[in-house]
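Have a look at the structure below before the remarks.
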Amino acid sequence: MKAAVYYEGGKPLSVEDVELLAPQSRELTVRIAAAGVCHSDLHFIDGLVPHPAPAVLGHEGAGVVEAVGEGVTYVQPGDHVILSFMPACGQCAYCIAGRPNLCIAGGRAAARGTLLDGTTRLRKNGEAVYHMTCTACFAERAVVPEASVVKIREDMPLDRAALIGCGVMTGVGAAINTAKVAPGSTVVVIGCGGVGLNVVQGAALAGAAKIIAVDVIDRKLELAQQFGATHVVNSAKDDPVTAVRGLSPGGADYAFEVIGRPDTIGQAYDAVRRGGMAVVVGLAPPGAEVSIPADSLLGEKVLTGSSYGGARFRLDMPKLVELYLAGKLKLDELISRTYPLEGINDAFEAMRQGQVARSIITF
Ligand code: COD
Ligand code: ZN
């Protein structure tokens with residue numbers, strides 16, 4: 001089958017034939033319908049974050065179950081699924097506590113680039129090829145753990161469903177699950193890309209009264225307004241913290257950092273009021289540190305991270321599907337461009353240049 005293979009950071013992906021083995025116990029094969037192009041993949045491609053290589057990247061996908069391995073009970077061939085990039089084991093303390101986004105076994109598999117059993121189903125010339133986050137969906141097919149799929153309604157368009165697999169769940173979930181944005185509140189979102197736009201729409205869904213979008217590209221700020229932003233700040237021109245304090249004296253109730261930079265994490269923290277909450281969604285490069293004024297903590301400010309939107313996948317993703325089908329969640333507006341797999345490096349270049357909200361690869 002065709003797949004986009006990552007060989008090393010700093011090099012483009014290589015679209016070529018790779019071999020996909022049959023699913024083993026508690027695994028299944030998904031025929032990928034669409035895969036979203038996310039900045040987390042680009043972190044690996046640009047060499048900012050390491051990944052075992054060679055590997056098939058792609059962690060935002062949806063498709064149709066084609067075959068199931070021994071012991072699979074949750075789905076059968078023909079079912080439509082969204083891929084979850086955290087294969088929650090269901091047995092560790094986090095899974096039991098209802099926090100599968102922090103699953104220990106899933107996190108370990110992702111770090112190794114393997115499936116849950118520590119091995120891979122992808123081969124090139126007989127040699128192992130790694131799977132990003134057990135999903136590896138920049139390929140015509142993927143073998144994934146049963147724990148990596150969320151069954152959805154068959155009338156949900158699969159290209160829209162793919163977006164729920166990362167950007168939408170991560171962004172909307174950060175607002176609704178992690179911050180629990182209260183109706184009437186003031187929210188700041190720093191970084192309005194594919195994920196940040198979903199924090200904006202999550203805050204709007206939660207009933208925020210003021211949503212202040214911050215980005216360095218005017219086009220992103222226009223998009224943010226489409227997704228529910230009431231005010232915009234171009235932080236290449238204006239200091240975002242001063243602008244937020246002008247719009248919301250004392251600071252905002254919540255601020256989200258959706259880029260992964262120490263300086264913008266600092267801006268998010270500084271933009272919230274006493275008792276407010278700053279939520280970091282972006283992953284900063286390994287070793288990066290942020291410092292905050294220690295005395296500000298006595299103002300009871302909260303600084304927290306949000307991983308995968310604090311989601312419980314099989315509960316939350318079908319709800320996002322329902323919201324879309326009810327006309328209450330914007331997904332069509334997120335898709336700026338559609339590429340074939342062969343165009344994947346162009347899709348990442350468009351992301352680097354800030355030209356798109358989201359691009360998707362369709363098969
Ligand atoms: N100030 C304001 N905005 C900025 C700045 C800045 N200094 N620098 C960049 N931006 C804007 C860009 O113009 C762009 O609009 C936006 O930030 C970034 O958007 P995208 O579309 O390039 O990136 P996303 O939305 O696909 O991904 C953002 C993440 C923060 C999720 C990603 O980079 C990341 O850190 N992922 C790892 C953490 C994570 O949750 N991973 C789960 C899978 S994504
Ligand atoms: Zn992602």
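Remember, it's 1-based here, ligands and their atoms both numbered in the order they're listed.
Remark: side-chain polar atoms of E146 are not paired, donor with acceptor, to backbone N or O of L28 under 3.5 angstrom. S336 places a side-chain N or O within 3.5 Å of a backbone atom of A357 that can act as its donor or acceptor partner. Between the side chain of K301 and the backbone N or O of Y269, at least one donor-acceptor pair lies under 3.5 Å. Using modelled atom types, no side-chain atom of N198 and backbone atom of V172 make a donor-acceptor pair closer than 3.5 Å. The backbone N or O of G260 sits less than 3.5 Å from a side-chain atom of E257, completing a donor-acceptor pair.
At a threshold of 4.5 Å between non-hydrogen side-chain atoms, the residues T114 and T119 do not count as touching.
Pairs passing the side-chain hydrogen bond (donor to acceptor under 3.5 Å, both in side chains) check and including a residue from residues 85-103, sequence neighbours excluded, do not occur. Within the structure, every pair that satisfies the ring-ring contact (aromatic ring centres under 6.0 Å, His included) test and touches residues 301-328, not counting sequence neighbours, is listed here: F85-Y308, Y308-F313.
Of all protein atoms, those that are N, O or S and lie under 2.8 Å from the Zn ion (ligand 2) total 3.
Around ligand 1 you find C38, H39, S40, H43, H59, F85, C166, G191, C192, G193, G194, V195, D215, V216, I217, K220, S235, V258, I259, R261, T264, V281, G282, L283, M351, R358, each with a heavy-atom distance below 4.0 Å.
Using a cut-off of 4.0 Å between Lys/Arg side-chain N and Asp/Glu carboxylate O, D346 and R337 are scored as not salt-bridged.
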